[in-house]
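Because only heavy atoms are used, hydrogens play no part in the values below, and waters and symmetry mates are left out as well, while side chains stay in.
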Amino acid sequence: MAASPAWLARAATVLGFLLLAASAEAGPAEVEMVFLKNAVAKGAVCLDGSPPVYHFSAGSGSGANNWVVHMEGGGWCRNTDECAVRKGNFRGSSKFMRPLSFSGILGGGQKSNPDFYNWNRVKVRYCDGSSFTGDVEAVESGKNLYYRGFRVWRAIMDDLLTARGMNKAQNVLLSGCSAGGLAAILHCDRFHDLFPATTKVKCFSDAGYFLDGKDISGNNYARSIYKNVLNLHGSAKNLPASCTSKQPPELCMFPQYVVPTLRTPLFILNAAYDSWQIKNVLAPSPADPKKTWAQCKLDIKSCSPSQLTTLQNFRTDFLAALPKPSPSLGMFIDSCNAHCQSGAQDTWLADGSPLVNKTQIGKAVGDWYFDREVSQKIDCPYPCNPTCKNREDD
């Protein structure tokens, strides 16, 4: 017996609801990759010589001429062995990259990202190990490595400007997390200079404000990391001249020396007890041979009273290294033990997201970008903030 048209209509409606529910359950759709194969001829390649990649989601409506360009993080490689390891994964080769979904500052939902949801949203993949600063013409022969991070950055920016229409932008935000957050500071003025004076350009650094501080053994371990990165990747010439004209190049990898020289408005998002910095700046393995900090580095709740005192001193030093307040400077410094808080929805803008002065991160960044208020929020000391999500995202 044939089904009635009314029954078929009801069945189609039910099926539609089921598909909609399944789609919501699955979360945001994956954003496809753009492989810049034509960049290879310019030598703009990942560590293994593969083409650079970005993910692109086109803007619409009122956001059609606005852009968020977000740079992926992932630390640095400071010698040939470390860089060679990256050739075998997505940190050094686009062969291992896959489509991914956008959330947080790149999210496409109006409720979850009201200020940027309908902008052109770009995620620049990180495969050079130098915060997009390296440029060595010669290929490293022993392990066949290409140190070309700066060329990758320029090639992707050129493609966005010419092939995607970013040259017509009205509003632009250069952002990044961790090593990408550092890149957002290092390339901030250079990015600004790509646009006409009529374009509103600002920069946003998430977990990229790495402190020039002493570790628990009294050494400047972080300085040695950056010095080795610069030497290996030939990065010094691509750091901001506004800093390198006054400081040794390795110091110009530290935001506290670069930010005061910038011409472009900047927002700094960072945890005062940044989990990556506690592990790698304050208590790196060479400074802790007996591993007395092992548990504390995994979970701040496991820190001893004396270790907590050291952490409070680290926070004091971190706050002292922040730039002087100005109308163009935005800040959100929470007292969380976290690293990167703009990429995940639950830390960016959601029920239960971290609050400082009753404001969530996504709201603070939007208020600053659109000049709704001077947004400079600094939290009270740990453990005062119950809204923290203490974890490390990259």
- Task: Check the hydrophobic clustering (I, L, V, M, F, W, Y; side-chain heavy atoms under 4.5 Å; chains of links allowed) and say if L36 and V53 are grouped together.
- Result: no

- Query: Going through the distances and angles, do E250 and R223 end up as a salt bridge (Lys or Arg N to Asp or Glu O under 4.0 Å)?
  - Reply: CA-CA 7 Å; E250 63 268 22; R223 284 192 189 187; over 6 Å; no

- Geometric cation-pi criterion R164 and F56, 6.0 Å radius, 45° cone: yes

- When the ring planes of W119 and F370 are compared, do they come out parallel, tilted or perpendicular, using 30° and 60° as the limits? perpendicular

- Decide side chain to side chain donor-acceptor pair (under 3.5 Å) for T133 and S131; before the verdict, give the C-alpha distance in whole Å, the side-chain angles of both, and the deciding distance to 0.1 Å. CA-CA 6 Å; T133 62; S131 284; over 6 Å; no

- Task: Indicate whether the side chain of Y54 and that of D159 have a donor and an acceptor atom separated by less than 3.5 Å.
- Result: yes

- Query: Under 3.5 Å, side chain of T199 to main-chain N/O of F195, donor-acceptor pair present?
  - Reply: no

- Item | T292 side chain to D288 side chain, donor-acceptor N/O pair below 3.5 angstrom | yes

- Message: Side chains of N118 and S62 only: does a donor on one sit below 3.5 Å from an acceptor on the other?
- Response: yes

- Non-hydrogen side-chain atoms of E32 and H55 separated by less than 4.5 Å: no

- Between S101 and E30, is there a donor-acceptor pair closer than 3.5 Å when you use the side chain of the first and the backbone of the second? no

- Message: Using modelled atom types and a 3.5 Å cut-off, is there a donor and acceptor pairing between side-chain atoms of N385 and backbone atoms of L355?
- Response: yes

- Task: In sequence, state the C-alpha distance, the side-chain angles, and the governing distance for V356 and I378, and then conclude on side chain to side chain contact (heavy atoms under 4.5 Å, CB included).
- Result: CA-CA 7 Å; V356 177; I378 297 181; 6.0 Å; no

- Residue pair V31 / K123, side-chain heavy-atom distance below 4.5 Å: no

- In Å, rounded to the nearest 0.5 Å, how long is the span from OG of S93 to CG of L47? 9.0 Å

- Give every residue pair that meets the disulfide bond (SG atoms under 2.5 Å apart) criterion with at least one member in residues 108-172, sequence neighbours excluded. C46-C127

- Message: Side-chain heavy atoms nearer than 4.5 Å, only ILVMFWY residues, links allowed to pass through others: does that put V281 and V259 together?
- Response: yes

- Query: Using the benzene-type ring in the case of Trp, are the ring centres of Y209 and F318 under 6.0 Å apart?
  - Reply: yes

- Message: Ignoring hydrogens and geometry beyond distance, is a side-chain donor-acceptor pair present between Q312 and Y273 at under 3.5 Å?
- Response: yes

- Are the side chain of S235 and the backbone N or O of N231 linked by a donor-acceptor pair below 3.5 Å? no

- Please step through salt bridge (Lys or Arg N to Asp or Glu O under 4.0 Å) for the pair E137 and R151, ending with a clear verdict. CA-CA 10 Å; E137 180 65 35; R151 293 194 203 184; 2.5 Å; yes

- Message: Would you say that I300 contacts Q295 through its side chain, given a criterion of any heavy-atom pair below 4.5 Å between the two side chains?
- Response: no

- Verify side chain to side chain contact (heavy atoms under 4.5 Å, CB included) between F332 and N357, making sure each step is shown before the conclusion. CA-CA 10 Å; F332 192 103; N357 299 345; over 6 Å; no

- Identify whether F267 and Y369 are in the same connected component of the hydrophobic contact network (ILVMFWY, side-chain heavy atoms under 4.5 Å). yes

- Straight-line distance of N66 CG to R121 CZ, nearest 0.5 Å: 12.0 Å

- Message: A side-chain contact here means heavy atoms from C-beta on lying under 4.5 Å apart; do W368 and P265 qualify?
- Response: yes

- Salt bridge flag under 4.0 Å for residues K42 and D158: no

- Task: Taking N120 for its side chain and G59 for its backbone only, find out whether a donor-acceptor pair lies under 3.5 Å.
- Result: yes

- With the side chain counted from C-beta on, respond yes when H187 and L182 share a heavy-atom pair under 4.5 Å apart, and no when they do not. no

- Any donor-acceptor N or O pair under 3.5 Å, side chains Q341, D334: yes

- How long is the gap from CD1 on I278 to CZ on R315, to the nearest 0.5 Å? 12.5 Å

- Task: Say whether N313 and D317, considering side chains only, have a donor N or O and an acceptor N or O under 3.5 Å apart.
- Result: no

- Message: Looking at S326, is its backbone amide N or carbonyl O close enough to the side chain of Q376 to form a donor-acceptor pair, meaning the two atoms are under 3.5 Å apart?
- Response: yes

- Message: Which label fits F210 and H339: parallel for a plane angle under 30°, tilted from 30 to 60°, or perpendicular past 60°?
- Response: tilted

- Is a side-chain donor-acceptor pair under 3.5 Å present for W348 with N113? yes

- Item | Within 6.0 Å of NZ in K301, more than 12 heavy atoms from elsewhere | no

- Message: Looking at R263, is its backbone amide N or carbonyl O close enough to the side chain of D189 to form a donor-acceptor pair, meaning the two atoms are under 3.5 Å apart?
- Response: yes

- Looking only at atom types and distance, does a side-chain atom of S375 sit under 3.5 Å from a main-chain N or O of A364, one as donor and one as acceptor? yes

- Do the side chain of D215 and the main chain of A287 share a donor and acceptor less than 3.5 angstrom apart? no

- Message: Can a donor-acceptor pair be found, under 3.5 Å and without considering hydrogens, that links the side chain of K389 to the backbone of G352?
- Response: yes

- Task: Taking the side chain as every heavy atom from C-beta outward, state whether R190 and W153 have any pair of such atoms under 4.5 Å apart.
- Result: yes

- Item | Considering all heavy atoms, the nearest N270-G208 contact | OD1-N, 3.4 Å

- Query: Do L106 and V124 belong together in a cluster built from hydrophobic side chains that touch within less than 4.5 Å?
  - Reply: no

- Query: Below 4.5 Å, heavy atoms only, C-beta onward: do V122 and M166 meet side chain to side chain?
  - Reply: no

- Any side-chain heavy-atom pair of P114 and L349 under 4.5 Å: yes

- For K377, look at atom NZ and say whether over 12 heavy atoms of other residues, nucleotides or ligands are found less than 6.0 Å away. yes

- Message: For the CG atom of L230 and the OG atom of S130, what is their distance to the nearest 0.5 Å?
- Response: 9.0 Å

- Message: The test is side chain to side chain contact (heavy atoms under 4.5 Å, CB included); show your working for F204 and S342 and say whether it passes.
- Response: CA-CA 10 Å; F204 167 63; S342 65; 3.7 Å; yes

- Classify the angle between the aromatic ring planes of Y126 and F132 as parallel (below 30°), tilted (30 to 60°) or perpendicular (above 60°). tilted

- Query: How far does CE of M331 sit from CG of L329, to the nearest 0.5 angstrom?
  - Reply: 5.0 Å

- Query: Counting heavy atoms not belonging to K200, are there more than 12 under 6.0 Å from its NZ?
  - Reply: yes

- Let me see the working for M253 and C243 under side chain to side chain contact (heavy atoms under 4.5 Å, CB included), right down to the final yes or no. CA-CA 9 Å; M253 289 285 281; C243 178; over 6 Å; no

- Salt bridge check: are D81 and K143 linked by an N-O gap of less than 4.0 Å? yes

- Item | side chain to side chain donor-acceptor pair (under 3.5 Å) between D48 and S50, worked out | CA-CA 6 Å; D48 70 334; S50 57; 2.5 Å; yes

- Query: Is D115 salt-bridged to R372, going by a charged N under 4.0 Å from an acidic O?
  - Reply: yes

- Task: Would you check if there is a donor-acceptor pair between the side chains of N220 and K214 at a distance under 3.5 Å?
- Result: yes

- Query: So how far is it from W76 CH2 to L232 CG, rounded to the nearest 0.5 Å?
  - Reply: 14.5 Å

- Item | ILVMFWY network linking L186 to L174, side-chain heavy atoms under 4.5 angstrom | yes

